[in-house]
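Below, read A as the first sequence line, B as the second, and so on, with proteins coming before strands; counting in each chain starts at 1.
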Amino acid sequence: MPELPEVEIIRRGLEEKIVGLEIKNIEVIRPKTFQGDRKNLWGKKVLNVWRRAKMLGIDLTSDLTLLFHLKMTGQLIFEKGKEKIIGGHPTEDMLGPMPNKSTVVIFSFDDGSHLYFNDQRQFGWVKVIPTSRIEAEEKKLLGELGPEPLEKDFTWQVLKDNILKRKKTPIKVALMDQSLIAGIGNIYASESLFLARVDPRRLVNTITDGEFKKLHQGIVESLQTSLKHGGSTLSNFVDAEGKKGYFLNFANVYGKEGQACRGCPDKVVKITQAGRGTYFCPFCQK
DNA sequence: CACTTGACCTGTCCGC
DNA sequence: TGCGGACAGGTCAAGT
């Protein structure tokens, strides 16, 4: 799915476009995706758009919040006339006419605009929850979540303390554990470990303080670099002047199996950890 | 308890 | 061209 930067890009785009709009109707194409009573949403206005970990929340009037998780292949596409704001799993057809065959829910607003929730693999969901309960029941409603890595309180010591809640887990697997740090997925786990020059197979209890400091920098740097370039997906696509998210062009190791490493003459290697692909340079990352 | 694997789904790509 | 299998930016539940 979209990881932290991609969801954040979507959040920013939506915030700019849908705050103040009134929901006219919701068309649920795939019932399993939508949890709640859509009739409760008729006539409600959008108050704000927020993100926590990889989840996106749209607060509405009447103490209602739409909570989204895009999982692996979710896309949110806002369309008003010729204008499009796009984000999520990158596919060519997201540039084409909406809805398409992967559209699972359609939100219609009072000004004639639409928000399309597309999801090829259909793992994603959106649920209606009471806004007022989110703070008190975050664990129950959003799940156990570690700190936001781009917030000020995320220091290298916090990273270390949280990672060390695990004992014999490979560092790459721990980085993707949302209860330890929120928002890092398969791309940014590999990328931040490369920036820190740490081997993804290292067990968490072997990482030194110096390495935790570099890893902290690597996490922040990889996420911010991606945000700067619009995420690793399409974003802010307006009419025919499409602007893609180019992050993967800047990636050092992710998806670069067999290609030359940027830091040495060696080649990037791909291995499997906890069922997921991990990319790294065995020479640079010790 | 801590960690790994399978399941949820559809689509695409790669080798035979 | 067809087909099988592996794999895909995530997260649960079940299994070891």
Side-chain angles (χ1 to χ4, degrees), chain A residues 1-10 29-33 35 51-56 67-76 86-94 100-104 117-127 139-146 163-194 200-201 203-205 219 222-223 225-227 229-235 244-258 270-279:
Chain A
M1 111 158 188
E3 304 181 34
L4 186 155
E6 292 75 38
V7 180
E8 179 59 23
I9 293 288
I10 293 172
I29 295 164
R30 183 178 186 270
K32 229 176 149 180
T33 301
Q35 302 166 29
R51 179 192 60 75
R52 174 80 171 102
K54 302 169 192 172
M55 277 165 279
L56 185 88
L67 184 68
F68 292 81
H69 199 308
L70 304 182
K71 293 291 180 80
M72 301 278 263
T73 55
Q75 305 170 333
L76 284 176
I86 289 176
H89 180 67
T91 55
E92 286 301 319
D93 64 3
M94 73 199 294
N100 63 28
K101 62 180 175 179
S102 70
T103 303
V104 286
F117 183 2
N118 292 353
D119 190 10
Q120 184 177 95
R121 289 175 75 178
Q122 307 183 160
F123 292 164
W125 46 255
V126 52
K127 45 184 133 182
K139 209 159 134 183
K140 186 183 158 202
L141 296 171
L142 306 188
E144 184 97 38
L145 295 172
I163 290 290
L164 291 182
K165 288 176 184 170
R166 298 288 174 270
K167 293 189 169 67
K168 292 197 164 181
T169 310
I171 182 65
K172 190 265 189 170
V173 177
L175 283 176
M176 292 176 65
D177 186 331
Q178 302 301 295
S179 72
L180 304 179
I181 312 154
I184 298 175
N186 214 24
I187 294 178
Y188 302 99
S190 282
E191 289 300 310
S192 46
L193 283 163
F194 175 81
R201 298 168 294 187
L203 301 186
V204 293
N205 60 355
I219 290 167
S222 61
L223 295 174
T225 301
S226 175
L227 272 176
H229 296 287
S232 55
T233 181
L234 307 175
S235 65
K244 293 197 177 189
Y246 290 109
F247 176 74
L248 284 179
N249 294 346
F250 290 81
N252 289 290
V253 288
Y254 186 84
K256 306 219 177 252
E257 182 184 16
K270 182 186 182 189
I271 60 171
T272 298
Q273 293 182 289
R276 314 295 306 281
T278 299
Y279 299 85

Would you kindly say whether Ser232(A) and Glu6(A) are connected by a side-chain donor-acceptor distance under 3.5 Å? yes

Residues passing the side chain to side chain contact (heavy atoms under 4.5 Å, CB included) test with Asp177(A), sequence neighbours excluded, are Arg166(A), Ser179(A), Leu180(A)

By salt bridge (charged side-chain N to carboxylate O under 4.0 Å, His left out), Lys139(A) pairs with (sequence neighbours left out) Glu144(A)

* Asked: Is the distance from OP1 or OP2 of dG10(C) to the nearest side-chain N or O of His69(A) less than 4.0 Å?
  -> no

Sequence neighbours excluded, the answer for side chain to side chain donor-acceptor pair (under 3.5 Å) partners of Arg121(A) is none

| request: Using the P atom as the reference point in each nucleotide, state the distance between dT11(C) and dC1(B) in Å, no decimals. | output: 23 Å

note: Leu56(A), atom CG; dG10(C), atom C1'; distance rounded to Å ~ 16 Å

**Prompt:** Is a donor on one side and an acceptor on the other found under 3.5 Å between the side chain of Ser192(A) and the backbone of Tyr188(A)?
**Reply:** yes

Between CD of Glu144(A) and P of dA13(C) the distance, given in whole Å, is 14 Å

Taken in chain and number order and not counting sequence neighbours, the residues that satisfy salt bridge (charged side-chain N to carboxylate O under 4.0 Å, His left out) with Lys167(A) are none

Whole-Å distance, Arg276(A) CZ to dT11(C) C1', equals 9 Å

Encoded 5' to 3' (Watson-Crick or G-U under 3.5 Å; [ ] crossing; | other strand), DNA chain B becomes .|||||||.|||||||

Separation of dG10(C) atom C1' from Leu67(A) atom CG, nearest Å, is 15 Å

Footprint ends on DNA chain B, 5' to 3', for atoms under 4.0 angstrom from a heavy atom of chain A, come out as dC3(B) to dG11(B)

Residues passing the side chain to side chain donor-acceptor pair (under 3.5 Å) test with Asp119(A), sequence neighbours excluded, are Thr73(A)

Taken to the nearest whole Å, CG/Leu142(A) to C1'/dT11(C) is 14 Å

Original post:
With distance as the sole criterion, do the side chain of Arg121(A) and the base of dA8(C) form a donor-acceptor contact below 3.5 Å?
Top reply: yes

note: Lys168(A), atom NZ; dT16(C), atom P; distance rounded to Å ~ 21 Å

Tyr188(A) atom OH is separated from dG10(C) atom P, nearest whole Å, by 10 Å

Closest to the 5' end of DNA chain B, once Lys165(A) and Gly275(A) are matched to their nearest nucleotides, is Lys165(A)

Taken in chain and number order and not counting sequence neighbours, the residues that satisfy ring-ring contact (aromatic ring centres under 6.0 Å, His included) with Phe68(A) are Phe107(A), Phe117(A)

For Asp93(A), the side chain to side chain contact (heavy atoms under 4.5 Å, CB included) test, sequence neighbours excluded, returns Thr91(A), Asn100(A)

Lys270(A) meets the side chain to side chain contact (heavy atoms under 4.5 Å, CB included) criterion, sequence neighbours left out, with Glu257(A), Tyr279(A)

In whole Å, measure the gap between the P atoms of dC3(C) and dC9(B) for me. 25 Å

* To do: Tell me yes or no: between the side chains of Lys101(A) and Asn118(A), is some donor less than 3.5 Å from an acceptor?
  => no

Taken to the nearest whole Å, CG/Asp119(A) to P/dG10(C) is 13 Å

In numerical order, the residues of residues 175-185 of chain A whose heavy atoms come under 4.0 Å of DNA chain C are Met176(A), Gln178(A), Gly185(A)

Ile271(A) meets the side chain to side chain contact (heavy atoms under 4.5 Å, CB included) criterion, sequence neighbours left out, with Arg201(A), Val269(A), Gln273(A), Thr278(A), Phe280(A)

Assert: residue with more 5' nearest nucleotide on DNA chain B, out of Arg166(A) and Arg30(A), is Arg166(A)

